[in-house]
Amino acid sequence: MNQFVYTRTDNESGKEAKASFNINKIIRSVTQEDGTVLVLLDDLHERSHDVPDIDLKTNKMKGVKRQRDVFQSEIVLNAADGERFFNLLNIEK
C-alpha cells in the first residue's frame, strides 16, 4: 500500500480526523524543532478565486477578475506520526 495514514487536526474546530497521502509523491521531509515533520508532496494543483480589478491610475475598482494560483501540498505530521513515517521508510530521524 502506498498510502500513509496520519492524524490531522482541523485548525478552526480543533477536531482530529484521519487523513492519508501517497508516499510515492514525497519530494522532501524536514523534522522541525518541536518534533513535527513537514512533508512536501509533488502534487501541484491550481486554485482560482475572484480578486478586485483596480485601475492603477484612479485607484478605483473596475470590477472583479479571476486569479489562478498554483499550490503544492505541505503536510505537518505530529511527532508520533513523524516517528511512524520514518520507521515505515527505514530512515533514521
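No experiment lies behind these values; they were computed from the predicted model shown.
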Next item on the list: List, by chain and then residue number, the residues other than L38 in its hydrophobic cluster (Ile/Leu/Val/Met/Phe/Trp/Tyr, side-chain heavy atoms under 4.5 Å); write none if there are no others.
Entry: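 Taking Ile, Leu, Val, Met, Phe, Trp and Tyr as members, L38 shares its hydrophobic cluster with V76.
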Could I get the full list of salt bridge (Lys or Arg N to Asp or Glu O under 4.0 Å) partners for [X], not counting sequence neighbours?
{"X": "D69", "value": "none"}
{"X": "E12", "value": "none"}
{"X": "R47", "value": "none"}

Spatial distance of atom [atom1] ([X]) from atom [atom2] ([Y]) [nearest 0.5 Å]:
{"X": "N22", "Y": "S73", "atom1": "CG", "atom2": "OG", "value": "11.5 Å"}
{"X": "Q72", "Y": "H45", "atom1": "CD", "atom2": "NE2", "value": "9.0 Å"}
{"X": "D53", "Y": "K60", "atom1": "CG", "atom2": "NZ", "value": "15.0 Å"}
{"X": "E74", "Y": "L41", "atom1": "CD", "atom2": "CG", "value": "9.5 Å"}

Checklist line | Donor-acceptor contact present, side-chain Q3 to main-chain I23, <3.5 Å | finding: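 Between the backbone of I23 and the side chain of Q3 there is no qualifying donor-acceptor contact (under 3.5 Å).
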Transitive ILVMFWY side-chain link [X] to [Y], under 4.5 Å:
{"X": "F71", "Y": "I27", "answer": "no"}
{"X": "V51", "Y": "V64", "answer": "no"}
{"X": "L77", "Y": "V30", "answer": "no"}
{"X": "L40", "Y": "F85", "answer": "no"}

Note to self: Could you go through F21 and N2, starting from their C-alpha distance and side-chain angles, then the distance that decides it, and tell me whether this counts as side-chain contact (heavy atoms from CB on, under 4.5 Å)?
What the structure shows: CA-CA 8 Å; F21 59 88; N2 295 337; over 6 Å; no
Check: Looking at T31, I75, N78, which hits side chain to side chain contact (heavy atoms under 4.5 Å, CB included) with V37?
Finding: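 Between V37 and the candidates, side chain to side chain contact (heavy atoms under 4.5 Å, CB included) is satisfied uniquely by T31.
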Notebook entry, point to check: Taking 4.0 angstrom as the limit, do D50 and R66 come out as a salt bridge?
Noted result: yes
Check: Looking only at heavy atoms, what is the nearest atom pair of T9 and G14, with distance?
Finding: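 Taking every non-hydrogen atom into account, CG2-O, 3.7 Å.
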Checklist line | Minimum-distance pair of heavy atoms, taken over all atoms of F4 and D81 | finding: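 Smallest heavy-atom distance, with atoms named: CZ-O, 3.4 Å.
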Next item on the list: Mind checking side-chain contact (heavy atoms from CB on, under 4.5 Å) for A19 and listing every partner two or more places apart, or none if nothing turns up?
Entry: Y6, R8
Note to self: Pair I26, D42 - check side-chain contact (heavy atoms from CB on, under 4.5 Å), show working.
What the structure shows: CA-CA 6 Å; I26 299 170; D42 181 18; over 6 Å; no
Margin query: Per the salt bridge (charged side-chain N to carboxylate O under 4.0 Å, His left out) rule, what does the pair list look like for residues 15-37, sequence neighbours excluded?
Written below: none
